[in-house]
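Structure, as structure tokens:
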Amino acid sequence: MKSADLLIRGGQVVSPEGIVPASVAIADGLIVAVGHDDLMPPARETLRADGQYLLPGAIDSHVHFRDPGYPHKETWATGSAAAACGGVTTVFDMPNTNPPTGTREALAMKLKAAERSFVDFGIHALLGDDTVHLLEDLLEGGATSFKAFVGNTFGNLPAPSDGALLEGFEILAPLGVRTVVHAENSSIMARRQKQLQDAGRIDAQAHLAARPAVAEIEAIGRVLTLAEWTGARVHIAHHSAADSLFLLRAAKARGVDVTVETCPQYLLLNTADMLRLGGILRVNPPVREARHNQPLWDALMDGTIDMIATDHAPHTPEEKTRESIWACDCGFPGVETQMPIMLTEVNRQRATLMDYVRWSAVAPAKAWGLYGTKGVLQVGAHADIAVVDMERRGTLHQGRLQSLSKISPWHGRAVQGYPVHTLLRGRFTLRDGRLVDDSIGWGRSVKTVQRMPTPQPRNTEHSSRAIVAHPAGVRPNALPDDAVAAELAR
Ligand code: NCD
Ligand code: ZN
């Protein structure tokens, strides 16, 4: 038997189907054996994982690494170091950088910055009115997927018009490329915010009042309509409200290819925390009333919500604690604290470790076409592994985050369950709770990894492309060839 580079012995391997005691052998970055210790090949190095659990590394569909553009908030090196320390092995980075990731040049700048990544990555490029003609070009340049800021948020990128969104979906549907949507209604929010500002409101509740749940419900309904019409794959970012779950359940039942993420803040925090934390917890969408928390857990359990992402949105302490709520930047870091926070809930028996792996790794791997290569600990898959200690207790401390954003609404929270080692394609990025500095730059784009088969687009006969090519709105192949010939001969 060919010898392995590393053998992880004595741990328990977790998948959504079960938890089994097994050793894992790794060679050339891939898992080469999983099973009884007696059957393992000889290895150069052994890691003992007695009493610990081996999880597929977390895949975070939503991070803002701010690079290029805001190096005082985060860089690829610091953001991805935070990810590695949080048991994360793959991230998908958002396009509201500066310049926004909406041109080949901006995309090239981001890919250059990502050369310093500790984790593998995908790049969500920008879908907006100005970029809709560039989508294929951006895919060719290395984008994995797209993001549409239907609700305004940090970066102030204009929301795409409904027309541009429809056209973007028409282009992306036959390619099978998924679009992340920040689903809030900009027009409702702009009007509300102006009224509140005119009334002199600068308190934290004013932020909640400016972005009511109906803004999310409306935007989700609109996006699902366009996705269903075109057959495009969509992904709802940071889902926050209980009231829109019925729309998602119905769309999924009809076969709309929609995936949904929520974040720890929507599961575990609410408006009471907003009163306590003010600008530190200012985020888009806002945290909701406590009545929303449990329905989101229920939706994760029944698969309406597919996965956990973090919306890691770093800003400096100064930017988060200004007097007026409107001056506090929206978002906060999360990629490093998600796993201990969620493992604590597993220890509280709110979910099983098997559920957690489904939400943190399996579902995102499937949504982004990576499953089999990532998201599962099986022979032939990447050795992307989070080794976790479910007994280890601690208190989250914002000053000790790898992120440059040393301010967090989770500061002071008691947790139980930590990643102690993280491996990316066989190489340690976190070892014994410490970042492995040498692994900077080991992260790669997931673009080279196999993608899912492309789906059949729907309703293409009236797509804008057909209309542009044929002003009458009729495609030449709408009729059999000889019928067209007969038509032309008349
Ligand atoms: C995010 C950011 O800071 O980039 N902020 C936020 O409040 N969530 C943007 C976003 O994801 O909406
Ligand atoms: Zn967003």
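First listed ligand is number 1; within each ligand, the first listed atom is number 1. Note that the coordinates shown come from a computational prediction; the quantities given were computed from them, not determined experimentally.
Closest approach of D329 to R322, counting heavy atoms only: OD1-NH1, 4.4 Å.
Scanning the protein for heavy atoms near atom 10 (C) of ligand 1, the closest one is T153 OG1, 3.4 Å. D311 OD2, 2.7 Å is the protein heavy atom nearest to atom 8 (N) of ligand 1. Of all protein heavy atoms, the one lying nearest to atom 7 (O) of ligand 1 is N284 N, 2.9 Å.
Counting only distance, with no hydrogens or angles, the side chain of T78 and the backbone of E74 share no donor-acceptor pair below 3.5 Å. Side chain of R350 to backbone of M342: no donor-acceptor contact under 3.5 angstrom is found. The main-chain N or O of I123 is never found under 3.5 Å from a side-chain atom of K447 such that the two would form a donor-acceptor pair.
Near H238, the atoms of ligand 1 lying under 4.0 angstrom from a non-hydrogen atom of the residue are 11 (O), 12 (O). Taking every non-hydrogen atom of F154 and a distance limit under 4.0 Å, the qualifying atoms of ligand 1 come out as 2 (C), 3 (O), 4 (O). The contact set between ligand 1 and V283, taken as ligand atoms under 4.0 Å from a residue heavy atom, comprises 7 (O), 8 (N). Residue H62 has at least one heavy-atom neighbour below 4.0 Å for each of these atoms of ligand 1: 11 (O).
Close N/O approach between H315 and ligand 1 is found [any backbone or side-chain N/O within under 3.5 Å]. In terms of polar-atom proximity, C330 is counted as a contact of ligand 1, with an N or O under 3.5 Å from an N or O of the ligand.
Selection from R66, H64, M94, H312 by nearest heavy atom to atom 3 (O) of ligand 1 gives R66.
Checked against the Zn ion (ligand 2), the N, O or S atom of H182 at the shortest distance is ND1. Atom NE2 is the N/O/S atom of H238 found closest to the Zn ion (ligand 2).
Of the inter-residue distances, the one linking F332 atom CZ with H315 atom NE2 reads 10.0 Å to the nearest 0.5 angstrom.
A centroid separation of 6.0 Å or more is found between the aromatic rings of F65 and Y70.
With a 4.0 Å heavy-atom cut-off, ligand 1 is reached by the side chain of H182 but not by its N, CA, C or O. Looking at D329 against ligand 1, nothing comes within 4.0 Å, counting heavy atoms.
When only modelled atom types and interatomic distance are considered, D306 and T259 share no side-chain donor-acceptor pair under 3.5 Å. A donor-acceptor contact under 3.5 angstrom links the side chains of T352 and D355, judged on distance only.
Residue H62: no N/O/S atom is found under 2.8 Å from the Zn ion (ligand 2).
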> Between W368 and T90, does a side-chain contact (heavy atoms from CB on, under 4.5 Å) hold up when you go through it step by step?
Replying inline: CA-CA 11 Å; W368 305 114; T90 302; over 6 Å; no

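Among H124, H64, H312, the single residue meeting the ring-ring contact (aromatic ring centres under 6.0 Å, His included) criterion with F92 is H124.
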